Amino acid sequence: MRYKIIAGNWKMNTTPKEGVDLVTEVLELIKSTDLTGTKIVFGTPFVSLLAVAESVGNTPGVYVASQNISSYDGGAYTGETSANMISACGAKMAIIGHSERREYFHETNAILATKADKAIGSDLTPIYCCGEVLADRKNDSYQTVIQSQIEEGLFHLSAEDFANVVIAYEPVWAIGTGETASPEQAQAVHAFIRNLVKSKYGAEIAENVSILYGGSMKPTNAKELIGMPDIDGGLIGGASLKAADFVGIINAI
Ligand code: PEP
């Protein structure tokens, strides 16, 4: 089923206690909101997963995600956190391939393909990020870049596994910059991505995949963006750190 999803990516912010306080505030503010057909996701640092998942408990429609996972299953990989460990903390999703992981930690599409497998193997829904840098947009190669990110990172999956994937389109030039893709620019890329999925997996899977927009989404621009036919929600950085702003975006659905 194609859900509307509002996912926060807290990045390297919040201690476990601050995370629990933030979630408690958000849950209080949305306690009367009808979340049918919607998923709210908190993408927390690894060290907060357990505490935040305990705070969320079984709240319907609310989930916890990691911001990364290891491409290894376990063993002598100092500093890594496996999909299995993340799942055991109570997370149900994992953000994979965020542009900051691609840029600062050199994660390639091939590495991300393995991470997608690891996530699915541990019952974590991958939120797979793709998106072009400003130069790709300016020289009009952004569709080719996005197509490779999706094909090389995800298209090895079986149809059954792909049906569990969420895609986030995040133009890198709009992340944390205050610059947002226009609803029309974002819609064009979302439709392009949905079409890629359709060519590979068929119309039904393409209709059901949730494709989120990320890049300076705020309460003031969320309604217009999420109102576009192929934009199914948002992956939100900065504005997910303030309960009122995050809830403002949730209320824009
Ligand atoms: C992000 O990092 O995924 C993001 C979209 O950040 P921001 O909302 O701050 O642009």
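Just the heavy atoms: all of them, side chains too, but no hydrogens, waters or symmetry mates, feed the values below. Both ligands and their constituent atoms are indexed starting at 1 by order of listing. What you see is a predicted model, and the numbers here were worked out from it, not measured in a lab.
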Give a yes or no on whether the backbone of Ile86 and the side-chain of Ser66 come within a donor-acceptor separation of less than 3.5 Å. no

For residues 180-200, which residue pairs qualify under salt bridge (Lys or Arg N to Asp or Glu O under 4.0 Å), counting only residues two or more places apart or in two chains? Arg194-Asp230, Arg194-Asp232

Going by the ring pair (Phe, Tyr, Trp, His ring centres under 6.0 Å) test, which pairs reach into residues 157-179, not counting sequence neighbours? Phe162-Tyr201, Tyr169-His190

Does NZ or CZ of Lys39 fall inside the cone over Tyr3's six-membered ring, less than 6.0 Å from its centre and within 45° of the axis? yes

Only one of Thr38, Thr33, Asp34 passes side-chain hydrogen bond (donor to acceptor under 3.5 Å, both in side chains) with Thr36, and that residue is Asp34

Can you pull the residues with any heavy atom under 4.0 Å from ligand 1? Asn9, Lys11, His98, Glu170, Ala174, Ile175, Gly176, Gly214, Gly215, Ser216, Leu235, Ile236, Gly237, Gly238

Sequence-distant partners of Asn58, side-chain hydrogen bond (donor to acceptor under 3.5 Å, both in side chains), two or more places apart: none

